[in-house]
Amino acid sequence: MTLRVAIIGAGISGLVSIKQCLEAGVEPVCFEASGHFGGQWRYTDPDPQTGKVASSMYRSVVINTCRETMMLSDFPMDPKLYAMYPHNSKVQAYFESYADFFGLRPHIRLNHRVQKVHPVEGGKWTVEVESGGQTTIDTYDAVFVCTGHHATPNMPDWQDADKFEGELMHSHYYRDTNKFQGKDVAVVGVGNSGADISSELSTCTKSTHLITRSGTWVWPRYLLGKPYEYLGSRFMLYMVPRFVALASMKLALGNALGAIPKELKPEHNLLAAHPTIRTDLLERVRTGTITPHRASIKRFTKKGIELTNGEVVEPLDTVVAATGYSLSFPFLPAGIVQPDEDKPGKENWANLYKLIIPPGHPGLYFIGLCQALGALMPVAEMQARWATSVLKNEIPLPSPEKMHGSIAAYQNDLKKLYVKSPRHTLQVEFFPYLDLLARDLGTQVTFGRFLSTFGIWQGTKTARSAYFGPPSAVQYRLFGEGSKPELAKLVVQRLAKKGDDEMSAEEVAEVEKYRAGN
Ligand SMILES: NC(=O)C1=CN([C@@H]2O[C@H](COP(=O)(O)OP(=O)(O)OC[C@H]3O[C@@H](n4cnc5c(N)ncnc54)[C@H](OP(=O)(O)O)[C@@H]3O)[C@@H](O)[C@H]2O)C=CC1
């Protein structure tokens, strides 16, 4: 009997899950609460009545992971259609063409909100769904949770916030600069939201203040003439000692951007915190259009804020809390993802084996619940490949005890590698994490496989491209289960050549070969 999977959410994690289910001969039913697919990447204006917004996307967002790193493994982004760092509307356009190419739309039920998910006997799950005022309940062999972790704003409980006469808003609700022209604004937090929003506001406000308690390393999108991701090649990662790689990156950053202003200068090492990518942030500070402050908010005043370093920032019309997001799975029984969710400081830890499976709850999978150094899309795609293989018993799982051990080891590593913060509880590095899953799937990259698959000349050429070229998920279509070796070889070689070459006619023909059903 065909296995049936309920997929919750039709963002990119949901889309890749539908595709993987179809390829694995599993029947997917994808529920999407909003009237559109694309998840966070689909820009929406606020609801005129409620002011609610479906995604955190502001109008100007340009993705901060390059085309080569964000594209899915068997659907190359054509440089003729997509800039190296595409605008959010183009990212959404890519998702739509992916959905059309692989025939995913018929499997998505829009305006269907999952209310409850419950385990039942035999390892199955019931899913209660509301749509148009009607509630239906159905049973599935498995559930893929694809709702991500950037939907529930983390709004700190600041002292005297209620006394502030201006507006306090979370970056989740920020759309564009319109209502901020000529105003005095403070942005709190210097993650990618804070960096983007403060930089663009500073072009039109009377004053823009940027408040940060930890500072940050700032990356430009291009470094040494190439997208910064090229520094994350297999060669740099696996063949250059980490301290040498970090020192060269710092040197390259220093040469490109100069010294970081003292208010933003972090105490942590490069890559010990999620990177902030914004080419003009430091320039906005150096030209005086952003005033940085190294402090936390002590309390709000009627007219502004008092900081922990004694500064008082007044007057302010608006404070934008670009303070990130919290995990939330209101449709799941408590304790599945976060057994210690009531304990302070445990908020964002997810007890998931390989960041996918909650031990002791067979049939439940989380796709895209991670924070990738690199792009999330291919990571979610690999998780979906791995999860469907587990579902079909092609990958054996360890006992729940062993899974708990593996989760503890991963979380201990995170504590050693990253600054202790709710921001760094789901962190993965692109190649190491994808290689981990690829080893289970049998799709890992090894030098011997290049030679045995493509022969000495093409094998060596492709291996060189894979090791020195940009990080790209297309490498996981070179060998093993689900491989598309001719397509993958052409793409890997093209990306390593220049990065902005057009797709060759051969490449286009190879893609067409894989159109769903052909
Ligand atoms: N162009 C793009 O592609 C964009 C991508 N994104 C992505 O979206 C995700 C979310 O990013 P973002 O919204 O920036 O959230 P992040 O969690 O990455 O950053 C939150 C920031 O808020 C600070 N902060 C949190 N709590 C407090 C507090 N109580 N007081 C003061 N400061 C606080 C953090 O500081 P500290 O470090 O000290 O904890 C940090 O600087 C990330 O994956 C990001 O990469 C976001 C925007 C644009």
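Starting from 1, each residue takes its place in the sequence as its number. Atoms considered below: every heavy atom in the structure, side chains included; atoms not considered: hydrogens, waters and symmetry mates.
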**Asked** With a 4.5 Å heavy-atom cut-off, do Leu369 and Phe329 have their side chains touching?
**Response** yes
**Message:** Check the orientation of Phe454 and Phe450. Use parallel for under 30°, tilted for 30 to 60°, and perpendicular for over 60°.
**Reply:** tilted
**Request:** Would you please classify the geometry between the Phe101 ring and the Phe75 ring as parallel, tilted or perpendicular, with 30° and 60° separating the classes?
**Result:** tilted
**Request:** Nearest 0.5 Å please: distance from the CZ atom of Arg385 over to the CD1 atom of Ile395.
**Result:** 10.0 Å
**Considering all heavy atoms, the nearest Ala151-His172 contact** = O-CE1, 4.0 Å
**Item:** Straight-line distance of Tyr140 OH to Trp125 CH2, nearest 0.5 Å
**Value:** 14.5 Å
**Message:** With a 4.0 Å cut-off on N to O distance, would you call Asp74 and Lys19 a salt bridge?
**Reply:** yes
**Request:** Just say parallel, tilted or perpendicular for the rings of Tyr325 and His150, cut-offs at 30° and 60°.
**Result:** perpendicular
**Message:** My understanding is that only residues two or more places apart in sequence, or in another chain, count here; which of them pass ring-ring contact (aromatic ring centres under 6.0 Å, His included) with Tyr228?
**Reply:** Trp219
**Request:** With sequence neighbours excluded, tell me which residues meet salt bridge (charged side-chain N to carboxylate O under 4.0 Å, His left out) with Glu486.
**Result:** Lys489
**Prompt:** Is it true that Glu32 and Arg109 make a salt bridge, defined as a side-chain N closer than 4.0 Å to a carboxylate O?
**Reply:** no
**Asked** Does one side chain, of Gln493 or Ser465, offer a donor that lies under 3.5 Å from an acceptor on the other?
**Response** no
**Complete:** salt bridge (charged side-chain N to carboxylate O under 4.0 Å, His left out) pairs touching residues 419-438, sequence neighbours excluded, are Arg234-Asp435, Arg242-Glu429
**Request:** Heavy atoms only: give me the nearest Leu426-Tyr410 pair and the separation to one decimal.
**Result:** C-OH, 3.3 Å
**Request:** Can you measure from OH (Tyr58) to OG (Ser193) and round to the nearest 0.5 angstrom?
**Result:** 4.5 Å
**Request:** List in chain and number order the residues that pass side chain to side chain donor-acceptor pair (under 3.5 Å) with His274, two or more places apart in sequence or in another chain; answer none if no residue qualifies.
**Result:** Gln371, Gln427
**Prompt:** Among all residues two or more places apart in sequence or in another chain, which pass the salt bridge (charged side-chain N to carboxylate O under 4.0 Å, His left out) test with Arg4?
**Reply:** Glu27, Asp138
**Asked** Got Leu414 and His424 here, is their nearest side-chain heavy-atom distance under 4.5 Å?
**Response** no
**Request:** Measure the spacing between CG of Leu327 and OG1 of Thr152 and express it to the nearest 0.5 Å.
**Result:** 8.5 Å
**Request:** For Glu381, check salt bridge (charged side-chain N to carboxylate O under 4.0 Å, His left out) against everything at least two apart and list the hits.
**Result:** Arg477
